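Data first, discussion second: the structure below is written as structure tokens.
Everything numeric in this text was worked out from a predicted model, so none of it was measured. Keep in mind that the numbers below use all heavy atoms, side chains included, and drop hydrogens, waters and symmetry copies.
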Amino acid sequence: MSDKTAIAFGYDSDPSRSSSLQAAAYVEPDWYRSDLNAIIARTWQWVCHVEKTCEPGSYVTVDIAGHPIAVVRAKDGVLRAFYNVCKHRAHELLSGEGTTTRIMCPYHAWVYRLDGQLARAPHTESLQDFNTADICLDEVRVEEFCGFVFVNLDRQATSLSAQSGDLETEIRHWAPDIEQLTFAHRLTYDIKSNWKNVVDNFLECYHCPTAHKDFCDLVDMDTYKVTTHGIYSSHMADAGHAANSAYDVSNASVRTHAVWWLWPTTCLMRYPGRSSMIVLNIIPIGPDRTLETYDFFLETPEPNDMERDAIRYLDEVLQVEDIALVESVQRGMNTPAFTQGRIVHDPDGSGKSEHAVHHFHGLVLDAYARGAA
């Protein structure tokens with residue numbers, strides 16, 4: 001069998017008949033390279049909330065599939081994204097985030113306008129066939145979507161709005177004030193697991209009654225419903241009705257647990273409490289290493305007492321539980337004892353079903369096939 005055929009062995013389009021991805025996809029360096037090239041470099045990747053790039057000259061830098069990228073609001077108000085690489089000797093241009101009136105390389109002081117056009121290159125007056133007007137930074141796709149900024153290294157990619165169908169309508173229904181929220185807190189985790197194990201774990205609550213006792217009181221598991229769509233899945237549940245050991249939601253104005261996973265690495269979460277949005281960004285670092293960031297966008301820059309308890313619960317309880325799970329799975333996948341397992345499927349789409357994992361695996365295999373082609 002070819003690699004493409006082998007990696008898809010056992011997968012069936014019917015989740016009730018399907019097994020999971022082969023373990024090789026989670027442990028072998030060649031498949032990790034396929035992840036970067038065929039998935040991460042060809043899909044819409046979350047960067048930040050629009051509040052970071054709303055003013056002319058504001059910029060944010062990010063690494064996508066090993067490529068340095070800068071997102072910049074130009075003086076004309078247009079949001080642009082470039083490879084953050086000088087056209088002279090390839091030095092990175094901007095770092096971190098902030099505001100600037102120009103883009104100047106810290107290596108040889110070549111200066112670019114905010115639209116990416118080279119404006120000045122010191123001591124080049126005597127060069128033959130050299131014209132600053134001929135040099136511009138390489139652009140990548142950038143899009144503002146639901147109050148957030150996304151980039152895509154694939155210049156031929158369809159817009160995120162078009163690819164994602166009804167996702168924006170769903171999010172704005174449940175979080176109509178999403179663009180008015182403001183950044184309040186970030187949590188960061190370095191996990192000894194392949195990124196796909198992290199996504200798998202996020203996409204099912206089959207493990208919740210066993211591994212997340214507090215969470216099963218925080219939300220009403222009887223109302224938990226998971227629905228898959230083209231490149232996203234929605235995960236909805238009512239807040240629990242009784243006291244719970246996670247955090248107090250008795251005075252919550254938001255009574256719905258609304259979560260969306262957007263292919264391949266962005267998770268948007270609206271927990272019970274005040275109006276909020278938590279963005280989980282899953283960043284592949286190596287075959288067995290993943291970086292996670294949790295950004296909390298709230299009504300105010302300072303969390304209230306309930307939100308501080310929610311952040312503490314997520315950081316000290318829920319994440320501790322989930323990281324232990326995915327790191328154990330990664331260790332198990334590195335043994336000869338595991339090749340793949342069956343997908344557990346509930347036709348009613350309950351939270352205890354793994355059909356969203358199956359949906360994710362189908363998107364992965366489709367991307368591998370396109371990459372091979």
Do the side chain of T227 and the main chain of S234 share a donor and acceptor less than 3.5 angstrom apart? no
Nearest heavy-atom neighbours spanning E51 and F183: OE2-N, 2.8 Å
Atom pair CD (E327) and CG (N201), whose distance is rounded to the nearest 0.5 Å: 11.5 Å
What do the steps show when you test Y224 against C208 for side chain to side chain contact (heavy atoms under 4.5 Å, CB included), and what is the final call? CA-CA 11 Å; Y224 205 119; C208 292; 5.8 Å; no
Heavy-atom side-chain proximity of V198 to T265 below 4.5 angstrom: no
Within one Ile-Leu-Val-Met-Phe-Trp-Tyr cluster: I283 and L36, side-chain cutoff 4.5 Å: no
Got a sec: does the NZ of K75 have more than 12 other heavy atoms crowding it under 6.0 Å? no
Using atom types as modelled and distance alone, determine if a side-chain donor or acceptor of T335 lies under 3.5 Å from a backbone N or O of A337. yes
Counting only heavy atoms not in E125, do more than 12 fall under 6.0 Å of its CD? yes
Could you pull out the closest heavy-atom pair between M104 and A109, with the gap in Å? CG-CA, 3.8 Å
Side-chain donor or acceptor of N84 paired with backbone N/O of L94 under 3.5 Å: yes
Tell me whether K225 contacts the main-chain N or O of D348 through its side chain, where contact means a donor paired with an acceptor under 3.5 Å. yes
Y368 and D35: side-chain donor and acceptor closer than 3.5 Å? yes
Do you see a donor-acceptor pair shorter than 3.5 Å between the side chains of R331 and S193? no
Heavy-atom check, side chain of R274 versus side chain of N304, under 4.5 Å: yes
For P287 and N194, work out which heavy atoms get closest and say how close. O-ND2, 2.9 Å
Any side-chain donor near an acceptor of the partner, E143 and S161, under 3.5 Å: no
Check this for me: does any side-chain nitrogen of one of R73 and E144 sit under 4.0 Å from a carboxylate oxygen of the other? yes
Within the structure provided, determine whether W263 and V364 are in side-chain contact (heavy-atom separation under 4.5 Å). yes
Kindly compute the distance separating CG (L167) from CG (L262), expressed to the nearest 0.5 Å. 6.0 Å
So P264 and Q45, do their side chains get closer than 4.5 Å, heavy atoms only? yes
Inter-residue atom distance T300.OG1 - L181.CG, 0.5 Å rounding: 10.0 Å
Go through the side-chain N and O atoms of S275 and D177 and say whether any donor and acceptor fall under 3.5 Å apart. yes
Pick one: which of W110, F130, Y112 meets ring-ring contact (aromatic ring centres under 6.0 Å, His included) with H88? W110
Is it the case that the ring center of F297 lies less than 6.0 angstrom away from the ring center of F148? yes
Determine whether H207 and H212 make a side-chain contact, defined as any pair of heavy atoms from C-beta on separated by less than 4.5 Å. yes
For the backbone of A133 and the side chain of Q117, can you confirm whether one donor and one acceptor N or O come within less than 3.5 Å of each other? yes
Are L93 and F82 close enough, and set up right, to give a side chain to side chain contact (heavy atoms under 4.5 Å, CB included), and what steps lead you there? CA-CA 10 Å; L93 295 164; F82 309 97; over 6 Å; no
Could you walk me through whether H355 and T228 satisfy the side chain to side chain contact (heavy atoms under 4.5 Å, CB included) test, starting with their C-alpha distance in whole Å, then the side-chain angles of each, then the deciding distance to 0.1 Å, before giving a yes or no? CA-CA 8 Å; H355 59 286; T228 61; 4.0 Å; yes
Could you check whether K87 pairs with D138 (Lys NZ or Arg NE/NH1/NH2 to Asp/Glu carboxylate O, under 4.0 Å)? yes
Donor-acceptor contact below 3.5 Å, side chain R141 vs main chain A157: yes
For the residue pair S16 and D14, confirm or rule out a side-chain donor-acceptor distance under 3.5 Å. yes
Parallel, tilted or perpendicular: rings of W195 and F360 (30°, 60°): perpendicular
Just wondering, do K196 and W31 contact through their side chains at under 4.5 Å, heavy atoms? no
Which value, rounded to the nearest 0.5 Å, describes the distance between I278 atom CD1 and Y271 atom OH? 5.5 Å
Should F296 and W46 be regarded as members of a common hydrophobic cluster, given that ILVMFWY residues are connected when their side-chain heavy atoms come within less than 4.5 Å of each other, either directly or indirectly? yes
List the steps and the verdict of side chain to side chain contact (heavy atoms under 4.5 Å, CB included) for L118 and D134. CA-CA 8 Å; L118 181 64; D134 296 334; over 6 Å; no
Is it the case that D12 and H358 place a side-chain donor and acceptor less than 3.5 Å from each other? no
Can you name the nearest heavy-atom pair linking I178 to C146, along with the distance? CD1-O, 3.2 Å
Does L114 offer a backbone N or O that forms a donor-acceptor pair with the side chain of R102 under 3.5 Å? no
How many angstroms lie between atom CD1 of I64 and atom CZ of R42, to the nearest 0.5 angstrom? 15.5 Å
Side chains of Y32 and D288: do they bring a donor and an acceptor to under 3.5 Å? no
Salt-bridged, R289 to D190, with N to O below 4.0 Å? yes
Same cluster or not: are Y59 and Y83 linked, directly or through other Ile, Leu, Val, Met, Phe, Trp or Tyr residues, by side-chain heavy atoms under 4.5 angstrom apart? no
Hydrophobic clusters here meaning ILVMFWY residues chained together by side-chain heavy-atom distances under 4.5 Å, can you tell me if L137 and V111 are in one? no
Enclosure of Y189 OH (heavy-atom neighbours >12, cutoff 6.0 Å): yes
Closest non-hydrogen atom pair between G230 and L363, with its separation: O-CD2, 3.7 Å
CD1-CD distance between I191 and Q319, expressed to the nearest 0.5 angstrom: 6.0 Å
Are more than 12 heavy atoms from other residues, nucleotides or ligands located less than 6.0 Å from atom CD of E316? yes
Does the side chain of V27 come within less than 4.5 Å of Q330's, by heavy atoms? yes
Would you check if the side chain of R270 reaches a backbone N or O of W174 as a donor-acceptor pair within less than 3.5 Å? yes
Should we count CG of D166 as having more than 12 external heavy atoms under 6.0 Å? no
Backbone N or O of T158 within a donor-acceptor pair of the Q163 side chain at under 3.5 Å? yes
Between F145 and W260, does the ring centre distance come in under 6.0 Å? no
Closest heavy-atom contact between L325 and A211? CD1-CB, 3.8 Å
So for atom CZ, which belongs to R17, do other residues, nucleotides or ligands contribute more than 12 heavy atoms lying within a distance under 6.0 Å? no
Using a 4.5 Å cut-off on heavy atoms from C-beta on, say whether the side chain of L318 contacts that of D214. no
So, the side chain of K52 versus the backbone of V60: is there a donor-acceptor pair under 3.5 Å, distance only? no
Is F338 reachable from V199 through a run of I, L, V, M, F, W or Y residues, each pair having side-chain heavy atoms under 4.5 Å apart? yes
